[in-house]
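Reading through the structure tokens given below for one structure.
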Amino acid sequence: MLAEPHFNRHPGFWKMLTVAVCMALLGCLQAQEHQGHVSIILLGATGDLAKKYLWQGLFQLYLDEAGKGHSFSFHGSALTTTEKGQEFMAKVLESLSCPKDVALPRCAELKDQFQQLSQYRHLKTSEDYLALNKDIEARVQREGLWEAGRIFYFSVPPFAYADIARNINSSCRPGPGAWLRVVLEKPFGHDLLSAQQLATELGSFFQEEEMYRVDHYLGKQAVAQILPFRDQNRKFLDGLWNRHHVERVEIIMKETVDAEGRTSFYEKYGVIRDILQNHLTEILTLVAMELPHNVSSWEAVLLHKLQAFQALRGLQKGSAVLGQYQAYSKQVRRELQKPDSFHSLTPTFAGILAHMDNLRWEGVPFILMSGKALDERVGYVRILFKNRAYCAQSEKHWVTDQSQCLPCQIIFYIGHGELGSPAVLVSRNLFRPSLPSKSWKEVEGQPGLRLFGRPLSDYYVYSPVREQDAYSILISHIFHRRKGSFITTENLLASWVFWTPLLDSLVHEVPRIYPGGAENGHLLDFEFSGNQLSFSQQQLEQLVPGPGSVPKPSDFQVLRAKYRESPLISAWPEELIAKLANDIEATAVQAVRRFGKFHLALSGGSSPIDLFQQLAMGHYGFPWAHTHLWLVDERCVPLWDPESNFQGLQAHLLQHVRVPYYNIHPMPVHLHQRLCAEEDQGAQTYAEEISALVTNSSFDLVLLGMGPDGHTASLFPQSPTGLDGEQLVVLTKSPFRPYDRMSLSLPLINRARKVAVLVMGRMKREITTLVSRVGYEPKKWPISGVLPASGQLVWYMDYEAFLG
Ligand code: BG6
């Protein structure tokens, strides 16, 4: 008798077998899912970028992934005719190279396979896209494949985006279960508005997770190493990566090439939009962001990046220095057929001083700099640490990895320059860093080489084990859905929010012309003080005034005269502001000496900004600890709104000086979640606060301005309130936005011990002349009602306002 088969005796066995078979099948199905077919469509396949980097990147992807079970097809497309396109592609594909470790015959074989899988197609009309879709579907079916996804790489100018996006969305989406990824190249807009428009347009065709905006600097190995480095060296960096230890951060990208051949693009964008708004800003956020617990979670990285953007202090015109390569205008004239008289204002060089308003970085200068036609091609991020040590021994006895007196720095060397390759450098006297040993190796520098003021032997130097091109890395990230290396819409808009106001303010700025290359000498060196950046060297023509040159402040004496029976001080703006700041300080010192405190009421708007900055930066003897700050007027917007006068005061003065917070008195325009509602009695509350704290409600000094219509504070012509009567503080209406205002009344202003009226700029010329002739007519010209009862009135006017 045959023995009963083993499984008949174990009924459970069938169950197990079924489960095992099902698991295996499922496994097969899953494996099949992993082995799906991927179609990659390169739009703009005959362009420069494609030729230089993208085809090579796609080939690398094929080399890395094909052996792992995926099947691929590559479609190069452009508007070029099929014949020309094919010819171009054949040449480019022929020039592809394999990594060093691939033997030549194997390389030829792989290239051949890649060429077989790549074809050119003309893509223009919606029919072309329909046909592409059909072809992909037919191929997948014919070859019994399963479609994993499609990647459309837009290497085309942005004006072509919308059409392509519409066509892909309507006829080239893969079927259910397969993914779609679209890859976009900058420029992503020209300013905040255009970036928003473009983002909205793209958002109507693609979901956020389908879009991969490329910033190729995020693919550079040294840049991609910033977060992992910070993460892996937390134990050293936790205590160091902050304002107490970091002296400054430099984020630099220098180029030797100029913009020749690209002026039609460059003329619209310039260096700030081309490099700083994207590449350098991305790096800045990687250095400055709070480190997420999990640096490989792209969602966490993005969140922290956005927080870093929020902490960036707004840039002013004075935060930038601009230059232009001397041959640039000529190149523009030639390439864009402009007349001989044409001179471009587009900067090819920019230096920017940025600050972060948060506890980690407050006060640390972040210098961003980039330019064309400079002396060398190099990119790096340099974190220079403060050095508070004093070494008793002479320098020859200092030991590199022990001496605290040697400079301490960490450098992410992006590439080129003296080193010639990407690297991470850490001063030996800081710590021995830890880097992933599979991808980074410690190297000995060339003897004799010096970097950032020190011999290379002063640093631990690490280089990538395998140097890889940024585009190859990013293409691989796209394939693996590593979104952290790409720019999301939120990230993009946050960057434009930061840069647009500066760009707007620089539209008419004349850049400094530089000769290019080594001849630039020290012409483009710059230095900073507070928030301001300026070239270190005066421009030659300013040093040697020729006939007809513009007069300088020092050519004039401060003019003392009378205006409306009161003292007038007139000077060039710089000197006027300096004089007013000195006078305010003197008044403050005197008031504190006599009464123990100084009550200062300040106006908002643009005229006093320079004054605030001057007070903040240059007045160390100012008795801020005993100063009370009041507002002359306020716009009915929340205090954090950039339009708020308080916000101006905060940005330009308060954050730089030490006024006790209980001495700061913003106007209560925002009560009970509403703005300047009569019922909330904000004006009365402010009046009561003044009465309670300011003896006789008599400010020691009130700083006013004068509007072109004769308004002062927020008292406008024909105002029904505030020009007379008992009220100390009133709600008023302005003819300009924001319409609702709160203001000190004329009777309150006139109780002050001293009133200073600051009037600046040519725009004020007419009203200055008019008001000089009128009598007391506050209904028509509220400024004419400023007549302190027992105090002193002084007019401060610059020459443009006074003399025109
Ligand atoms: C691009 C800019 O984004 O970066 C170019 O548009 C610049 O103007 C280029 O030359 C520099 O990139 P890389 O990789 O050569 O440093």
Smallest separation among heavy atoms of [X] and [Y], with atom names:
X	Y	result
Leu703	Pro608	CD2-CB, 4.1 Å
Ala591	Phe598	CB-CD1, 3.7 Å
Glu509	Lys317	OE1-CE, 3.0 Å
Leu312	Met356	CD2-SD, 3.4 Å
Ser344	Gln324	O-NE2, 2.9 Å
Ser370	Val271	O-CG2, 3.7 Å

Point-to-point distance, once rounded to the nearest 0.5 Å, from [atom1] of [X] to [atom2] of [Y]:
X	Y	atom1	atom2	value
Lys597	His626	NZ	NE2	12.0 Å
Ile783	Asp709	CD1	CG	10.5 Å
Ile577	Ser607	CD1	OG	8.0 Å
Gln650	Leu629	CD	CG	11.0 Å
Leu649	Ile609	CG	CD1	10.5 Å
Met667	Trp630	CE	CH2	10.0 Å

What class does the angle between the rings of [X] and [Y] fall in, given that below 30° is parallel, 30 to 60° is tilted and above 60° is perpendicular?
X	Y	value
Phe622	His619	perpendicular
His190	Tyr269	perpendicular
His628	His665	parallel

So, does [X] use its side chain to make a donor-acceptor pair with the main chain of [Y] at under 3.5 Å?
X	Y	result
Arg635	Met742	no
Ser570	Met797	yes
Ser745	Leu728	yes
Asp700	Arg753	no
Asn278	Pro187	no
Glu201	Gln197	no
Glu634	Phe646	yes
Lys779	Ser719	yes

Taking the six-membered ring where the residue is Trp, are the ring centres of [X] and [Y] under 6.0 Å apart?
X	Y	result
His670	Trp640	yes
Trp361	Phe366	yes
Trp496	Phe188	no

Got [X] and [Y] here, is their nearest side-chain heavy-atom distance under 4.5 Å?
X	Y	value
Met617	Gln532	no
Arg333	Pro339	no
Ser319	Asn531	no
Glu679	His672	no
Asp191	Leu503	no

Taking side-chain contact (heavy atoms from CB on, under 4.5 Å) as the criterion, tell me which of Ile749, Val794, Leu701, Leu787 meets it with Val755.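 Output: one option passes, namely Ile749.
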Name of the residue among Thr721, Val730, Asp633 meeting side-chain contact (heavy atoms from CB on, under 4.5 Å) with Leu715: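 For Leu715, the side-chain contact (heavy atoms from CB on, under 4.5 Å) test succeeds with only one of Thr721, Val730, Asp633, which is Val730.
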Going by atom types alone, do [X] and [Y] pair a side-chain donor with an acceptor below 3.5 Å?
X	Y	value
Thr348	Tyr514	yes
Ser536	Glu527	yes
Thr769	Arg765	yes
Glu267	Tyr328	yes

Going through the distances and angles, do Leu576 and Tyr799 end up as a side chain to side chain contact (heavy atoms under 4.5 Å, CB included)? CA-CA 9 Å; Leu576 185 74; Tyr799 289 135; over 6 Å; no
Check the pair Ser495, Gln277 against side-chain hydrogen bond (donor to acceptor under 3.5 Å, both in side chains), reporting the backbone distance first and the verdict last. CA-CA 7 Å; Ser495 175; Gln277 178 274 324; 3.1 Å; yes
Would Val757 and Tyr563 count as a side chain to side chain contact (heavy atoms under 4.5 Å, CB included) here? Give the steps. CA-CA 11 Å; Val757 186; Tyr563 181 81; over 6 Å; no
Yes or no on side chain to side chain contact (heavy atoms under 4.5 Å, CB included) for Thr768 and Met706, after CA distance, side-chain angles and deciding distance? CA-CA 9 Å; Thr768 310; Met706 171 164 77; 4.0 Å; yes
Stepwise side chain to side chain contact (heavy atoms under 4.5 Å, CB included) check, Leu506 with Leu322: CA-CA 9 Å; Leu506 294 174; Leu322 302 181; 4.1 Å; yes
Heavy-atom neighbours of Arg762 CZ exceed 12 at 6.0 Å: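 Atom CZ in Arg762 is not packed in, count stays at 12 or less.
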